[in-house]
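Both backbone and side-chain heavy atoms feed into the values below; hydrogens, waters and symmetry mates do not. Starting from 1, each residue takes its place in the sequence as its number. We count ligands from 1, going down the list as the structure has it; atoms in each ligand are counted the same way.
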Amino acid sequence: MNVDSAGQPRTNWAGNITYGAADFYRPASISQLQGVVARAAQIKVLATGHSFNDMADSPGAQVSLADLIPDVEVDSTAGLARVAAGLSYAQLASRLDDKGFALRNMASLPHISVAGACATATHGSGLANQNLAASIAALEFVTADGDLVELSRGDDSFPGAVVHLGALGVVTRLVLETVPSFEVSQWVYEGLPLEVLDDHFTEIMSSGYSVSMFTDWRSPRLTQIWIKQLHDDPNPYAAPIPLAATAPPVAEAPWFAATPATGERNPVPGAPAASCTAQLGVPGRWYERLPHFRPDFTPSAGDELQSEFLLPIEHAAPAIHALNQISDSLAPVTLISEFRVVKADELWLSPSYRQDAVAFHFTWIPDMAAVLPVVTLIEQQLAPFAARPHWGKVFTATPETLHARYERLPDFLALARQYDPAGKFRNAYTARYLGR
Ligand SMILES: Cc1cc2nc3c(=O)[nH]c(=O)nc-3n(C[C@H](O)[C@H](O)[C@H](O)COP(=O)(O)OP(=O)(O)OC[C@H]3O[C@@H](n4cnc5c(N)ncnc54)[C@H](O)[C@@H]3O)c2cc1C
């Protein structure tokens with residue numbers, strides 16, 4: 001029976017999904033994993049369970065990679081790291097940093113597994129930063145019949161296989177591009193009127209290596225702007241865009257109409273900042289500043305739901321107006337909302353496929369019945385901008401809409417049929433959203 005170590009039915013991190021898979025496996029070697037996959041009728045990987053929907057569930061079994069050897073091999077000359085798929089970013093980051101290497105970017109929380117994050121095109125922010133999966137140079141996976149396959153950049157199907165929703169097989173190792181390790185400092189500004197974004201959205205987003213804007217929709221203003229700056233600018237792997245002339249040099253004076261925060265902040269106004277990465281310009285290692293939350297603060301379960309929608313960055317200002325029109329519906333169910341930017345990539349199922357994107361994120365109260373109608377309302381408001389949902393969060397789009405927004409979806413489904421002809425890695429999620 002599929003229960004956790006406390007004997008409770010297994011759930012995702014947010015607790016809104018109780019997995020229905022009857023069996024649960026924890027193979028201790030890749031050959032054991034190959035046997036588990038080959039024998040299963042239906043199977044899906046459960047990684048760190050940080051998705052807010054049932055994409056990691058299966059009508060058969062779930063498999064965890066937590067007992068595989070967590071190896072990290074760095075090829076210093078090529079700047080490539082070959083990493084075990086079960087590792088979290090928090091586990092990987094310090095090991096890379098010890099060897100003098102870094103990842104270009106990270107998501108808001110470092111406790112998410114590398115393979116699970118890349119499977120859904122998880123992203124951070126930055127005009128020059130692509131999603132996290134874009135740093136994959138090769139991936140190794142176990143296919144439905146138990147074979148081990150490796151695909152690398154340059155292989156025809158590689159761009160289709162990197163963001164895979166767990167539908168192609170079980171990823172065992174990833175080869176990630178790295179950069180030399182670096183330091184980042186972080187500043188927070190408060191109280192910018194939304195109308196300033198009409199003319200200055202890209203300028204403000206270009207004021208740091210990675211910038212996040214937050215609002216609670218309770219008034220037409222950004223509650224906070226988090227600016228993560230490379231400590232030793234100019235930096236060889238900084239944005240190939242000039243930092244804006246209006247960038248706040250040191251957070252001492254008002255900037256546009258925003259004021260520098262006088263203490264450390266949590267993105268959720270009023271929530272304690274102890275779980276957040278250091279601010280007020282104190283420099284620190286890349287992995288202790290790029291996420292909003294500290295690696296040594298491990299939330300075991302979440303009291304929230306999340307949704308996120310990405311659309312072409314040139315529509316950022318009108319899309320913010322479209323969302324602000326429904327602020328009366330958003331505010332009661334929103335804990336906090338975040339705007340980020342993601343550079344275009346070539347990955348077929350990436351929401352930033354061939355478009356520099358703005359990402360509108362919503363952290364919701366943990367009440368699905370209250371949240372779902374608002375998610376549908378957002379989808380209607382953002383439909384004119386052809387918004388693409390984050391695969392790992394709450395959304396209600398139909399397969400028809402997703403086919404219209406993801407032009408390479410038919411090619412991806414053909415790839416899934418090639419590696420998984422009998423549908424071993426299908427589940428209710430793939431049936432609902434991909435029509436497969
Ligand atoms: C608090 C919090 C903060 C977040 N912050 C961000 C953020 O900043 N940016 C962002 O874009 N997203 C964010 N997310 C969303 C999160 O990154 C994605 O949902 C991600 O996919 C979760 O990864 P996981 O390892 O927990 O995967 P799971 O939920 O365990 O699995 C996700 C999918 O990947 C598949 N999968 C996982 N590992 C493998 C593998 N080895 N082989 C094959 N398939 C596999 C699973 O079967 C499933 O289909 C956040 C989520 C939470 C809870």
* **Cation-pi, F309 ring and R388 (6.0 angstrom, 45 degrees)** => no
* Report yes or no: does K393 have a heavy atom closer than 4.0 Å to ligand 1? => yes
* Structure fact -> For L176 and L103, the nearest pair of non-hydrogen atoms, with its separation, is CD1-CD2, 4.1 Å
* Which atom of S113 lies closest to which atom of Y89, heavy atoms considered -> O-CE1, 4.0 Å
Please state which part of [X] comes within less than 4.0 Å of ligand 1, counting heavy atoms only: side chain, backbone, both or neither.
X	value
L165	backbone
W391	neither
A117	backbone

* Among K228, Q224, E338, find the one that has a side chain to side chain donor-acceptor pair (under 3.5 Å) with S212. =>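 It is E338; the other options fail the test.
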* How far is atom 39 (C) of ligand 1 from its nearest protein heavy atom, and which residue and atom name does that atom have? -> V45 CG1, 3.5 Å
Is there a nitrogen or oxygen of [X] sitting under 3.5 Å from a nitrogen or oxygen of ligand 1?
X	answer
A119	no
W13	no
R340	yes

* **Options S108, S51, P110, G86, ranked by nearest heavy atom to atom 8 (O) of ligand 1, top entry** => S108
* Say whether S58 and N427, considering side chains only, have a donor N or O and an acceptor N or O under 3.5 Å apart. => no
* Asked: Are Q130 and S352 close enough that a side-chain donor and a side-chain acceptor fall under 3.5 Å?
  ->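 Not at all, the side chains of Q130 and S352 share no donor-acceptor pair under 3.5 Å.
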